[in-house]
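Here is the structure we will look at, set down as structure tokens.
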Number of protein chains: 2
Amino acid sequence: MTAAERREEEKAAFGAYVDGCPTHQLMGIIGNKWSMLVLTDLAQGARRYAEVSRALPGVSAKMLTQTLRSLERDGLVARSVTPSVPVQVEYTLTLLGERIVPLLDSIKEWAGRHIEEIHAARERYDGTPAGV
Amino acid sequence: MTAAERREEEKAAFGAYVDGCPTHQLMGIIGNKWSMLVLTDLAQGARRYAEVSRALPGVSAKMLTQTLRSLERDGLVARSVTPSVPVQVEYTLTLLGERIVPLLDSIKEWAGRHIEEIHAARERYDGTPAGV
DNA sequence: CCGCATCCTTTAAGATACTG
DNA sequence: CAGTATCTTAAAGGATGCGG
């Protein structure tokens, strides 16, 4: 049992380490389905809710709100309300949000440069020369 | 209905675009829980299955195998079997796998530099000065 | 126009036990 | 040692309808 217990402890410790790991947290922020898209759209300039929604035709209202809120909470996006009738809400990148753009660009650049190689590897692995 | 139909079409088209987007695919590869950890471990050198498992105390056999297989399929990791008794299986980064390491480092560096600011933003947003 | 609440489906992840 | 197979749980994502 002692060995098993030690395993458990190590596991818990590692779990805590992973949860506290900045990289893992960052991946949690930008790794979800819409964050990169929203950030990329806002990088072009300020946008209203409906504008972002139109730029991302696949997003549901729920996910857009959730994504925006989450990015706001993380200090990457700023939300400003103009109390007209009906209200106008504008989203912009914060300074921190702008600082993440180059990183996003790096990721996009790497993806663009190497995705073909990955596709080729997949076809080799799957034994599916063409198809799909 | 015509407007609704046009919406549907746009949505499907955008969905297809997102699925085909290299960036999105790359995020699918490195965005899951264990890929970065495994890649980072293999970046130190060749590892056997059980060694990786020990380096990542929280991973279940299932997830480790799944992650390794997926990375192998994507051409980032190479798997070589030595047919002894019992068999020995060694994992290494491929050339492509080594090329992604600098990108991973960029991500880690950004995370390390800015995570505090993100935490601060969260506390401001949550109205939770200390705690948790 | 903006977005919250509810309910439902799909996918990721984990525990466990067993095989060559 | 290096997995596979099965089952269960947790989380992400999405559709829809209501309210300020």
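Here is the naming used below: chain letters follow the sequence lines, and residue numbers restart at 1 for every chain.
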Taking 4.0 Å as the cut-off, does a side-chain nitrogen or oxygen of [X] come that near to OP1 or OP2 on [N]?
X       : N      : value
B:Arg48 : D:dC1  : no
A:Tyr49 : C:dC4  : no
B:Trp34 : C:dG14 : yes

Checklist entry - With respect to the side chain of A:Lys62, which nucleotide from D:dC1, D:dG13, C:dA15 is positioned closest? => result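 The closest nucleotide is D:dG13.
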
Checklist entry - When you measure from every atom of DNA chain D, which of residues 64-83 of chain B have a heavy atom less than 4.0 Å away? => result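 Heavy-atom contacts with DNA chain D come from B:Thr65, B:Arg69, B:Arg79.
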
Side chain of [X], backbone of [Y]: donor and acceptor closer than 3.5 Å?
X       : Y       : answer
B:Ser84 : B:Pro86 : yes
A:Gln25 : A:Asp19 : yes
B:Glu72 : B:Arg69 : no

Next on the checklist: Need to verify one output field. Residue with the more 5' nearest nucleotide on DNA chain C, B:Ala61 or A:Val89?
Outcome noted: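 Comparing both residues, the 5'-ward one is A:Val89.
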
Checklist entry - Among side-chain atoms of B:Ser80 and B:Tyr91, is any donor-acceptor pair under 3.5 angstrom? => result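 Side chains of B:Ser80 and B:Tyr91: no pair found under 3.5 Å.
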
Give the rounded distance in Å between these two atoms: [atom1] of [X] and [atom2] of [N].
X       : N      : atom1 : atom2 : result
A:Leu56 : D:dG14 : CG    : P     : 11 Å
B:Asn32 : D:dA11 : CG    : P     : 17 Å
B:Arg47 : D:dC1  : CZ    : P     : 16 Å
B:Lys11 : D:dG13 : NZ    : C1'   : 12 Å

Item to check | Point-to-point distance, once rounded to the nearest 0.5 Å, from CG of B:Leu95 to CG of B:Leu76 | outcome: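 Here the rounded value is 11.5 Å.
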
Next on the checklist: Less than 4.0 angstrom from a charged side-chain N to a carboxylate O is my criterion; do B:Glu117 and A:Arg99 meet it?
Outcome noted: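 Yes.
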
Item to check | First of B:Ala50 and A:Met63 reached from the 5' end of DNA chain D, by closest nucleotide | outcome: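 Residue closer to the 5' terminus by nearest nucleotide: B:Ala50.
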
